[in-house]
Q: 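First the structure, which I've put down as structure tokens, then a few questions once you've had a look.
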There are 2 protein chains.
Amino acid sequence: MQKGETTPLYRKLIDDLKKLIEEGKYKQGELLPSENDLCKTYSTTRPTVRQALAELTNIGLITRQQGKGSIVAEPRRGLGILSVSGVTAGVGDQNLKTVILEKPVKQNWPQELLHQLSFEEQAAGCIFFTRLRNINNVPILLEETFLSDINLPRFTSRSLENRSFLKVLNEHYQVEVTGGEQKIWAVAADKNKSKLLRLKPGSPIVHMKRKLKTNVRDLNIYSWLYCNTENYYLDDYF
Amino acid sequence: MQKGETTPLYRKLIDDLKKLIEEGKYKQGELLPSENDLCKTYSTTRPTVRQALAELTNIGLITRQQGKGSIVAEPRRGLGILSVSGVTAGVGDQNLKTVILEKPVKQNWPQELLHQLSFEEQAAGCIFFTRLRNINNVPILLEETFLSDINLPRFTSRSLENRSFLKVLNEHYQVEVTGGEQKIWAVAADKNKSKLLRLKPGSPIVHMKRKLKTNVRDLNIYSWLYCNTENYYLDDYF
DNA sequence: TACGGATACATGTATATACAACTTTAATTT
DNA sequence: AAATTAAAGTTGTATATACATGTATCCGTA
């Protein structure tokens, strides 16, 4: 973890406050300690404290208001994480099940990615897997995922069942999504897709090709999605 | 324009540099003047200059490298700006035309926004307008936009024809999009939409409801989109 | 009781400065 | 000529301070 011997003070402040917010010590709508309080606690000065608070503002954890203070913002889902929501009611974890149709394997890159691969990505090869998300035992979202095999030891043997793939990447490999790009169509379901998603052939489904960029060089996540949106919709934060 | 009499110096620096980059004075990959140079030019000190450069880094206009300088980043489309691209070829500006179907007017908020409005948003009232984007004179994207009427003097009388709505907001009111949320469906085109988009009734179209958050308190942009994706797709960066 | 103003406290903007760490270039040595 | 070293220039981190501006509170006065 130690990259340059020491971590800057403002970095420590960020990490501490982040942790306290995520742990619920400071809840949504509440105020963080004032800049001057933090100065005393950390034996530092306002510019340093402000550098930390500015960063927390940037990542959306707090908002700031002159004369009032630093307000904990509403919790936000991770960048570019797609979720499926019900049109009428929310979708809880209990009735959501993810099934791996094809386990992660090394294979060649597909042709129709619609994105230009870097040399390093091509050289590293491609990990591929397919998942199907079910809500109340009804298949809703078919997802084909491709990513470059860079700095991901033993990835193909990890279990993605019942775990968020992006969470695994983050916890085991410190990978974070920093941005992305997606292309969206509406298409009529073909025979294969309509069977998998239990729809009448010709039903409108959402098709997406997305590229998620990460903090790791040349590690991008490409995925092709097909979603039955008759009773649910795709939900997307950025 | 003048909200509090004076604009801060660091703000002026941001605007100046932004303009120079967008005008091509500083091109992609090139270095901006060093912090010390900027200090001399603007008769100020490094913390102030750094505040401006930090902002430019945040909005992705530059990257910074210790020991080297501020590097102009590759041009990126604005956050949350939807563009429409051809499946086979790119869509240039020349064959893209935006038509205002309904000019901006004050009206009541609609019911089915799918987002909870803040008290201030409700109180301020709603500006509404409808646009239709055409590519090669074929209507592709129908867009209904709602936003709260907060600090936007004379907005309803501004022309949005042939101009990016978000660009107008940015240039005249210093509004920047900081994040957002979108819900996506595929639906079959009803009679009205199929007529507007020149499709056979029942054709699959993409329907989105999006919320764009801005740097201005309680100013959010809500829009409902309907897109013909037979020959084009929606392109989205985050 | 209700209003108005003083006050305390919060963040916003800005100056001035110092040293650390990294990059590039130039000078020196081998 | 090549490798090493030194120097200059750049951004990164941090301290110390001052005043401006927005918010909330309390208290005295009408």
Side-chain angles (χ1 to χ4, degrees), chain A residues 2-17 21 26 29-73 217, chain B residues 2-17 21 26 29-73 118-120 150-151 174 176 178 215-219:
Chain A
Q2 73 293 350
K3 15 181 184 180
E5 301 292 337
T6 59
T7 53
L9 178 56
Y10 83 97
R11 190 24 78 185
K12 176 165 170 47
L13 245 155
I14 293 171
D15 293 339
D16 285 0
L17 291 172
I21 291 172
Y26 301 113
E30 289 182 2
L31 293 179
L32 254 46
S34 76
E35 295 181 356
N36 283 319
D37 286 349
L38 291 171
C39 288
K40 285 173 197 156
T41 308
Y42 285 85
S43 302
T44 181
T45 52
R46 279 189 66 213
T48 301
V49 168
R50 283 179 65 79
Q51 191 172 356
L53 293 176
E55 172 79 12
L56 291 178
T57 305
N58 280 334
I59 61 180
L61 231 52
I62 62 171
T63 62
R64 316 198 69 206
Q65 192 179 340
Q66 187 176 155
K68 195 166 183 187
S70 304
I71 307 158
V72 178
R217 258 182 80 88
Chain B
Q2 74 293 353
K3 11 182 188 180
E5 299 294 334
T6 59
T7 53
L9 178 55
Y10 83 96
R11 184 82 239 166
K12 174 163 170 51
L13 246 155
I14 293 171
D15 293 339
D16 285 0
L17 291 172
I21 290 173
Y26 302 112
E30 289 182 3
L31 292 179
L32 254 46
S34 75
E35 295 181 356
N36 283 318
D37 286 349
L38 291 170
C39 287
K40 285 172 197 157
T41 307
Y42 286 85
S43 304
T44 182
T45 51
R46 281 189 64 212
T48 300
V49 168
R50 284 178 65 77
Q51 191 172 355
L53 294 175
E55 173 78 12
L56 291 178
T57 305
N58 280 335
I59 61 180
L61 230 53
I62 62 172
T63 62
R64 315 197 68 206
Q65 190 179 341
Q66 186 175 153
K68 195 167 184 184
S70 304
I71 308 157
V72 177
S118 74
F119 176 76
E120 286 79 8
I150 293 179
N151 291 325
Q174 288 78 48
E176 274 183 37
T178 56
N215 57 341
V216 177
R217 260 179 77 89
D218 294 306
L219 178 55

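Per chain, numbering begins at 1; letters A, B, ... match sequence-line order.
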Q: Take atom OH of A/Tyr10 and atom P of D/dA14, then tell me their distance rounded to the nearest Å.
A: 8 Å

Q: Taking OP1 and OP2 of C/dT11, is either one under 4.0 Å from a side-chain nitrogen or oxygen of A/Ser70?
A: yes

Q: Do any side-chain nitrogens or oxygens of B/Lys68 fall under 4.0 Å of OP1 or OP2 in C/dC22?
A: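 The answer is no; no side-chain N or O of B/Lys68 sits under 4.0 Å from OP1 or OP2.
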
Q: Would you indicate what A/Leu31 reaches in the nucleic acid, counting non-hydrogen atoms under 4.0 angstrom: base, sugar-phosphate, or nothing?
A: nothing

Q: Given side chains that start at C-beta, do those of B/Asp16 and B/Tyr42 come closer than 4.5 Å, heavy atoms only?
A: yes

Q: Would you say the base of D/dG12 and the side-chain of B/Arg46 have a donor-acceptor pair closer than 3.5 Å?
A: yes

Q: My understanding is that only one of B/Asp37, B/Leu38, B/Leu53 makes a side chain to side chain contact (heavy atoms under 4.5 Å, CB included) with B/Leu32; could you say which?
A: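 One option only clears the test, and that one is B/Leu53.
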
Q: Using a cut-off of strictly less than 4.0 Å, decide whether A/Thr48 has a side-chain nitrogen or oxygen near OP1 or OP2 of D/dT15.
A: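 The answer is yes; a side-chain N or O of A/Thr48 sits under 4.0 Å from OP1 or OP2.
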
Q: Rounded to the Å, how far apart are B/Leu38 CG and D/dT10 P?
A: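 My rounded result for the distance is 11 Å.
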
Q: How many angstroms lie between CD in B/Glu30 and CD1 in B/Ile62, if you round to the nearest 0.5 Å?
A: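 These two atoms lie 13.5 Å from each other.
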
Q: Ignoring the backbone of B/Arg50, work out which of D/dT13, C/dT17, D/dT10 is nearest its side chain.
A: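 Nearest listed nucleotide: D/dT13.
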
Q: Taking CG from A/Leu13 and P from D/dT13, how many angstroms apart are they, rounded to a whole number?
A: 13 Å

Q: Would you say the side chain of B/Leu13 lies within less than 4.5 Å of the side chain of B/Leu56, judging by non-hydrogen atoms?
A: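 With C-beta onward as the side chain, the pair stays apart.
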
Q: B/Glu30 CD to D/dT10 C1': how many Å, rounded?
A: 18 Å

Q: Would you indicate which nucleotide in D/dT17, D/dA14, D/dT23 comes nearest to any side-chain atom of A/Pro47?
A: D/dT17

Q: Quick one: which of D/dA16, C/dT15, C/dG12 gets closest to the side chain of A/Arg64?
A: C/dG12

Q: Counting any heavy atom closer than 4.0 Å, what does A/Leu53 reach on the DNA or RNA strands: base, sugar-phosphate only, or nothing?
A: nothing

Q: Under 3.5 Å, is there a donor on one side chain and an acceptor on the other for A/Thr57 and A/Arg64?
A: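 On atom types as modelled, these side chains do not qualify, holding no pair under 3.5 Å.
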
Q: Looking only at side-chain atoms of B/Gln66, point me to the closest of C/dC22, C/dT11, D/dT13.
A: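 The answer is C/dC22.
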
Q: Select base, sugar-phosphate, or nothing to describe what B/Ser34 touches, counting heavy atoms under 4.0 Å on all strands.
A: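 Sugar-phosphate only.
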
Q: What nucleic acid atoms does B/Ser43 come within less than 4.0 Å of, heavy atoms only: base, sugar-phosphate, or nothing?
A: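 Sugar-phosphate contact only.
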
Q: Side chain of A/Glu35: nearest nucleotide among C/dA14, D/dA14, C/dT11?
A: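 Comparing C/dA14, D/dA14, C/dT11 against the side chain of A/Glu35, the answer is C/dT11.
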
Q: Take the protein atom CD of B/Gln51 and the nucleotide atom C1' of D/dT13, then report the distance between them rounded to whole Å.
A: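 Checked: the CD to C1' distance equals 16 Å.
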
Q: Can you tell me how far P of D/dG9 sits from CG of B/Asn36, to the nearest Å?
A: 10 Å

Q: Nearest-Å distance, CD (A/Gln65) to C1' (D/dT23)?
A: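 To the nearest whole Å, that distance equals 8 Å.
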
Q: What is the distance, rounded to the nearest whole Å, between atom NZ of B/Lys12 and atom P of C/dA14?
A: 12 Å

Q: Of all the nucleotides listed (D/dA14, D/dA24, D/dT21), which has the minimum atom distance to the side chain of A/Pro8?
A: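 Of D/dA14, D/dA24, D/dT21, D/dA14 is nearest to the side chain of A/Pro8.
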
Q: Is any side-chain heavy atom of A/Glu55 closer than 4.5 Å to a side-chain heavy atom of A/Arg50?
A: no

